[in-house]
Amino acid sequence: MIEEGKLFLGGSRNPDDSFNKPEYLELKFGNRHGLITGATGTGKTVTLQILAESFSNAGIPVFCSDIKGDLSGIAAAGEEKDFLLKRAEQVQFSDYEFAASPVIFLDLYGEKGHRVRSTVAEMGPLLLARLMNATEAQEGVLNIAFKIADEGGMALLDLKDLQALLNYMGEHAGEISTRYGFVSKASVGSLQRALLVLEQQGAEYFFGEPALDIRDLMRTTQDGRGMITVLAADKLMNNPRLYATFLLWLLSELFEELPEVGDPDKPKLVFFFDEAHLLFDEAPKVLIERVEQVVRLIRSKGVGVYFVTQNPLDVPEAVLAQLGNRVQHALRAYTPREQKAVKTAADTFRTNPAFDTQEAITALGTGEALVSTLEGKGAPSMVERTLIRPPSSRIGPLTDAERRDIINRSPIAGQYDRDIDRESAYEILMERAEKAAKAEAAQREAEEQESESAAGRWSLPGFGDDEPTKKSAGRRTSTRQRETVVEAAMKSAARSVASSLGRAIVRGILGSLKR
Ligand SMILES: Nc1ncnc2c1ncn2[C@@H]1O[C@H](COP(=O)(O)OP(=O)(O)O)[C@@H](O)[C@H]1O
Ligand SMILES: [Mg+2]
């Protein structure tokens, strides 16, 4: 069934239920994105599984997330079961075999896969604002925070770095406002509280180093299969916004880092975005526009993005319009909203005179779907009512022992499993605060002495960077005092970290770092 340049999806059926023809997804249109939809229990995960298996077999690395744990079985060979063999026969899958796919497990919590992290700096202000559910004013403050850090080359690695910088901004709100634009103490305070909430939700696990190197998502095995990176997301789903932001960050990293390839013979990577509604739920318009832009542009980097969600209405029109390969499983149509979803879903297909699309959507069986893929010059094929082929790997979860074994043998074993805590904003600002406190104390002491000797001389409270030497300290700090704070912050930060980043800071469409 492995025809050159095509993935076998299953067999379509005639109105009398007899076999019609095999249905394929053409690899050269694999980067033209896709959509898998359907109600719970209709076969979405298995469809994702057979697609991931097939892309991998064709040498294409895959990224996907495992929301319920039931996708982990993709790393084990399936077992011979009657319903699978029957399905294989129905779709005329003549060379059906059981086999495991090569998998790397990732887990933000490091429990069900290798730890995966990003730094605050790499994520950038736009995505962080989304993660923190920031208001516009708060987002403005975050932007300024990043500006201060970016300009000064102050590394924002983990949440305590951002917390330290916000503290600093709160304390120096006046000066920062004159220099960068209005920073209200109230907004800073709200952001600090939002950060605490994030920490409590376990996001602190995620921020830090070593950050994921996206080249690790692009691996192939020695026998030429694409590695399937599975993000264990069951625990992560307790924080849906972190889940969605993390996936979005990955997508934006891929977009910023991969070279242009135009329209390749086959994709360089296929990215499944499961529970895609979380990406768009209550997302601000500007973010949706940026996502739309990234999805449109990432195609020429050879990345195919496949959204998986219950309802096609979950995906904004502008994004939906770009999803060329569609697998629509059954939808219910009881409520008006459901009926509308069915109609919308039906309207996106090129109709087939043999059946009524809308009616078919509600009548599909489990593991059956309306399928339309791009063909010819890139036009959608006529929709076909298709039985999806059975997977070669196991349907259902791995055992803990099986998973452990795969994690231990993984090509990235050991690479991300330990924390690195290098000098960053937190340490820099802590050190500076200490110095400032010392300087102030020293100055007070000096002032007291001076006022004894030369009564009437005034001085401003200082917070300079330099260790004042005893006697003359008072005068020196007060004359230097005006240029300190922000400037000094930058200088010392620039010294310590510009070198560690080693590059000018440019941010991409979604605000993540550009290399
Ligand atoms: N293509 C298929 N071939 C064989 N069985 C399937 C297929 N698709 C779905 N099934 C059966 O239906 C069940 C539910 O499918 P699943 O993909 O988990 O649904 P969803 O992800 O939409 O909730 C599976 O556990 C499996 O038993
Ligand atoms: Mg599922």
Side-chain angles (χ1 to χ4, degrees), residues 1 7-13 17 19 22-25 34-55 57 64-99 101 228 230-234 236-237 240 243 247 272-278 306-312 314-315 325-332 338 341-342 345 361-371 373 384-398:
M1 300 310 305
L7 305 184
F8 175 57
L9 299 179
S12 54
R13 299 200 284 171
D17 275 1
F19 180 83
E23 297 298 328
Y24 296 102
L25 189 155
L35 180 67
I36 303 171
T37 40
T40 307
T42 56
K44 293 187 300 299
T45 299
V46 174
T47 294
L48 193 167
Q49 188 170 350
I50 66 121
L51 281 170
E53 273 181 8
S54 310
F55 280 120
N57 279 332
C64 54
S65 41
D66 185 12
I67 306 284
K68 292 184 185 147
D70 55 348
L71 186 57
S72 58
I74 195 168
E79 291 118 63
E80 217 174 282
K81 289 195 177 141
D82 287 347
F83 79 100
L84 296 172
L85 298 176
K86 178 173 171 231
R87 176 59 64 98
E89 199 185 303
Q90 282 175 312
V91 302
Q92 304 195 356
F93 192 0
S94 50
D95 46 7
Y96 182 43
E97 276 174 6
F98 294 101
S101 289
I228 302 176
V230 177
L231 176 73
D234 45 350
L236 181 56
M237 290 314 285
Y243 166 80
L247 258 58
F272 288 95
F273 205 127
D274 204 344
E275 300 286 350
H277 66 99
L278 295 174
Y306 289 69
F307 291 100
V308 185
T309 187
Q310 295 212 356
N311 192 319
D314 296 337
V315 182
N325 301 299
R326 306 263 176 111
V327 179
Q328 171 69 61
H329 287 281
L331 288 173
R332 286 180 301 262
E338 286 169 351
V342 170
I361 290 177
T362 56
L364 293 163
T366 307
E368 187 180 21
L370 295 186
V371 171
T373 58
E384 293 287 357
R385 190 173 165 163
T386 305
L387 282 174
I388 303 297
R389 79 156 172 87
S392 298
S393 50
R394 178 193 302 168
I395 292 180
L398 289 186

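All ligand and atom numbering here is 1-based and tracks the order in the structure.
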Visitor: Fit a plane to each ring of Y306 and F272, take the angle between them on a 0 to 90° scale, and name the class: parallel (under 30°), tilted (30 to 60°) or perpendicular (over 60°).
Guide: tilted

Visitor: Taking all non-hydrogen atoms of both residues into account, name the closest pair between I388 and H329 and its distance.
Guide: CG1-CE1, 4.0 Å

Visitor: Under 3.5 Å, is there a donor-acceptor pair linking the side chains of E53 and S101?
Guide: no

Visitor: Ignoring hydrogens and geometry beyond distance, is a side-chain donor-acceptor pair present between Q49 and S393 at under 3.5 Å?
Guide: yes

Visitor: With heavy-atom distances below 4.0 Å as the criterion, list the atoms of ligand 1 near T40.
Guide: 23 (O)

Visitor: Indicate the atoms forming the closest heavy-atom contact of P240 with L278, along with that distance.
Guide: CB-CD2, 3.8 Å

Visitor: Just which atoms of ligand 1 are under 4.0 Å from any heavy atom in P390?
Guide: 3 (N)

Visitor: Would I395 count as being in polar contact with ligand 1, using the rule that some N or O on each side must be under 3.5 angstrom apart?
Guide: no

Visitor: Indicate the atoms forming the closest heavy-atom contact of I361 with A345, along with that distance.
Guide: CD1-CB, 3.8 Å

Visitor: For A39, take its heavy atoms, then give the atoms of ligand 1 lying under 4.0 Å from any of them.
Guide: 22 (O)

Visitor: Is there a polar contact between ligand 1 and T366, counting only N or O atoms under 3.5 Å apart?
Guide: no

Visitor: What is the closest protein heavy atom to atom 14 (C) of ligand 1, and at what distance does it sit?
Guide: G41 O, 4.0 Å

Visitor: Give the atoms of ligand 1, by number and element, whose distance to some non-hydrogen atom of R87 is under 4.0 Å.
Guide: 1 (N), 2 (C), 3 (N)

Visitor: Any nitrogen or oxygen of I388, main chain or side chain, under 3.5 Å from a nitrogen or oxygen of ligand 1?
Guide: yes

Visitor: Identify the closest protein heavy atom to atom 18 (O) of ligand 1: which residue and atom is it, and at what distance?
Guide: T45 CB, 3.9 Å

Visitor: Decide whether an N or O pair under 3.5 Å exists between K68 and ligand 1.
Guide: no

Visitor: Counting only N and O atoms by type, is there a donor-acceptor contact under 3.5 Å from the side chain of T386 to the main-chain atoms of G10?
Guide: no

Visitor: If you measure every N or O of T47 against every N or O of ligand 1, does any of those distances drop under 3.5 Å?
Guide: no

Visitor: Would you mind telling me if ligand 1 is within reach of the side chain of K44, the backbone, both or neither, using heavy atoms under 4.0 Å?
Guide: both

Visitor: Quick check against the 3.5 Å criterion: does R87 have a side-chain atom that pairs as donor or acceptor with the backbone of Q90?
Guide: no

Visitor: How close does the nearest protein non-hydrogen atom get to atom 7 (C) of ligand 1, and which residue and atom is it?
Guide: V46 CG1, 3.5 Å

Visitor: For residues E79 and L84, report the shortest heavy-atom separation together with the two atoms involved.
Guide: O-CD1, 3.5 Å

Visitor: Closer than 2.8 Å to the Mg ion (ligand 2), do we get an N, O or S atom from T40, backbone or side chain?
Guide: no

Visitor: Looking only at atom types and distance, does a side-chain atom of T373 sit under 3.5 Å from a main-chain N or O of Y24, one as donor and one as acceptor?
Guide: yes

Visitor: Looking only at distances, please establish whether an N/O atom of ligand 1 is found under 3.5 Å from an N/O atom of G43.
Guide: yes

Visitor: So is G38 touching ligand 1 or not, going by heavy atoms under 4.0 Å?
Guide: no

Visitor: Applying a 4.0 Å heavy-atom criterion (strictly less than), which segment of R389 is in contact with ligand 1: side chain, backbone, both, or neither?
Guide: backbone

Visitor: Identify, for atom 27 (O) of ligand 1, the protein heavy atom at the shortest distance, and state residue, atom and that distance.
Guide: F83 CE1, 3.8 Å

Visitor: Locate the shortest heavy-atom distance separating Y243 from S65; write the atom from each residue and the value.
Guide: OH-OG, 2.9 Å

Visitor: Could you say whether the N/O atoms of P391 and ligand 1 ever approach to under 3.5 Å?
Guide: no

